[in-house]
*Asks:* 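One structure follows; several queries about it will come next.
FYI, the numbering just counts along the sequence from 1. Predicted model only: the values in this text are computed from it and were never measured. Both backbone and side-chain heavy atoms feed into the values below; hydrogens, waters and symmetry mates do not. Numbering of ligands and ligand atoms starts at 1, following listing order.
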Amino acid sequence: MAKSITQLIKDEEKRQQANLSLIASENIAPKEVREAVGSVLMNKYAEGYPHKRYYGGNEVVDLIEEEAIKAACKLFKADHANVQPYSGTPANLAVYAALLEPGDTVMAMSLPHGGHLSHGHKVSFSGALYKFTHYGVDPETGMLNYSEIETMAKIFKPKLIVCGATAYPRAIDFKRFAQIAHKVGAYLLADISHIAGLIAGGVHPQPFPHADVVMTTTHKTLQGPRGAIIMCKQNLASAIDKSVFPGFQGGPHENIIAAKAIALQRASTPEFKRYAKQIILNARAFAQALSKLGFTLVTGGTDTHLLLVDLTSKKITGQIAETALNKVGITSNKNMIPGDLRSPFDPSGIRFGVASVTARGMGEKEMEQIAFVIAKVLDKPGSNAILSYAKREIAKLTKKFPIKI
Ligand SMILES: *Cc1c(COP(=O)(O)O)cnc(C)c1O
């Protein structure tokens, strides 16, 4: 007989306890956040916005959504926040629809250089609806080359420039991006999905007042529920709100909005600031340890929670690395590296992020231990002796640093 879903959820809980997640987009949501998601708020319909609803009985819901909006504006210094978007991809589509006409030109980072599918990749609706031109990173340094982006902007005259990425390990210069965008009469959308928690914690520069619109998912470094938020300058508030509802969505998920409010309020505490600082310390320690062990890091290091490792010199592909690490209890994901000649299904790189292991309480010493185990495994992915040694080491770490549930 098939296992019950309840049993499968328990199995997943065990899996998470027994494995280290080095997936850069993953994190561990605190209990209060998970409880809000499972709360009675999920029973309520609340189409519309606070005090302008299409259903009755929203006295309490209004207060919750207003708190979420207030917390988002305070944390990111925004004029206006819409906390209803279901997730990052639909939120980006809602931003495009608010600012653009179909066929308009947009500039964004290319996927193989670290951008996101929803930034106009051809398999995404965004790529079908708008004319995207993609900028990449400098082939030598792996870094964004702002003067080249400016040259492209002058040639293509986009109506919108998108900055932000899923696999770029360095800080983003929002001010420079805004100068470029505004020089050519374009809006600037900063997609801070990966780094929102770092910005909130004060370890990465803020996108406002530079960007016109800021979109973030709430479930990555921010440690909130799965979902997204769109923030903008006051003059765009009504266009953004109309685009989210009724443009793209129906009833908002008020249980998720409550969880977003909790995550946002939490993110302004000294405790969260310490967490964000530790993420940066851990990512640097991890990068240094991996470099010392002979790994090549794209851009040579990191300013954020994530690292992109170029495995070419190790003569191993991203898929082989991902599979070998998964066997010993380390979950990660294969990733394209800038200029990759291999396919996205078996690319030349692997991406690591330290938000989740930092949330378990690990520090720099543990990062060095993990790097050492990774080096052992990837040097001999076929060796059973090494696999069982690595498995034991990771099991020791996961037991010592359990996820607090
Ligand atoms: C994760 C991510 C998204 C998409 O978020 P989903 O909630 O998975 O749709 C969009 N943009 C960037 C830069 C991201 O990292």
*Asks:* Under the side-chain hydrogen bond (donor to acceptor under 3.5 Å, both in side chains) rule, what pairs show up with a residue in residues 157-171, not counting sequence neighbours?
*Replies:*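 Passing the test, one end in residues 157-171: Asp104-Lys159, Arg170-Thr299, Arg170-Asp303.
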*Asks:* Give the atoms of ligand 1, by number and element, whose distance to some non-hydrogen atom of Ala165 is under 4.0 Å.
*Replies:*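 That gives atoms 13 (C) of ligand 1.
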*Asks:* Got a sec, which pairs hit side-chain hydrogen bond (donor to acceptor under 3.5 Å, both in side chains) with one end in residues 360-374, sequence neighbours left out?
*Replies:*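 Only Gln278-Glu364 qualify under side-chain hydrogen bond (donor to acceptor under 3.5 Å, both in side chains).
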*Asks:* Show the atoms of ligand 1 that are less than 4.0 angstrom away from any heavy atom in Thr217.
*Replies:*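 Those atoms are 5 (O), 7 (O).
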*Asks:* Of the protein's non-hydrogen atoms, which lies at the shortest distance from atom 7 (O) of ligand 1, and what is that distance?
*Replies:*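 Checked against all protein heavy atoms, atom 7 (O) of ligand 1 sits closest to Ser87 OG, 2.5 Å.
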*Asks:* Between Gly197 and Ala276, which heavy-atom pair has the shortest distance, and what is it?
*Replies:*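 Taking Gly197 first and Ala276 second, the nearest heavy atoms are O-CB, 4.0 Å.
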*Asks:* Among all protein non-hydrogen atoms, which one is nearest to atom 13 (C) of ligand 1, and what is the separation to 0.1 Å?
*Replies:*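 That would be Asp191 OD2, 3.2 Å.
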*Asks:* May I ask you to check if ligand 1 and Lys220 share an N or O to N or O distance below 3.5 Å?
*Replies:*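 Yes: some nitrogen or oxygen of Lys220 is under 3.5 Å from one in ligand 1.
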*Asks:* Closest non-hydrogen protein atom to atom 3 (C) of ligand 1, residue and atom name please, with distance?
*Replies:*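 Protein heavy atom with the smallest distance to atom 3 (C) of ligand 1: His116 NE2, 3.3 Å.
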*Asks:* Quick check: Gly88 and ligand 1, any N/O pair under 3.5 Å apart?
*Replies:*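 For ligand 1, there is an N or O atom that lies under 3.5 Å from one belonging to Gly88.
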*Asks:* Within the 4.0 Å heavy-atom shell around His219, which atoms of ligand 1 are there?
*Replies:*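 Going through ligand 1 atom by atom, the ones under 4.0 Å from His219 are 7 (O).
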*Asks:* Relative to each other, are the rings of Tyr49 and Phe245 parallel, tilted or perpendicular (30° and 60° limits)?
*Replies:*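 Correct class here is perpendicular.
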*Asks:* Does Thr269 use its side chain to pair, donor to acceptor, with the backbone of Gln265 at less than 3.5 Å?
*Replies:*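 A pair under 3.5 Å: no.
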*Asks:* With a 4.5 Å cut-off on side-chain heavy atoms, are Leu93 and Ser126 touching?
*Replies:*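 Touching, per the 4.5 Å side-chain cut-off.
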*Asks:* Do the rings of Phe132 and His134 sit parallel, tilted or perpendicular, given the 30° and 60° boundaries?
*Replies:*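 Ring orientation, 0 to 90° scale: parallel.
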*Asks:* Counting each atom of ligand 1 from 1 as listed, which ones have a heavy atom of His194 under 4.0 Å away?
*Replies:*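 Reading through ligand 1 atom by atom, the close ones are 15 (O).
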*Asks:* Evaluate Thr89 for polar contact with ligand 1, using N/O atom pairs at a separation under 3.5 Å.
*Replies:*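 Yes: some nitrogen or oxygen of Thr89 is under 3.5 Å from one in ligand 1.
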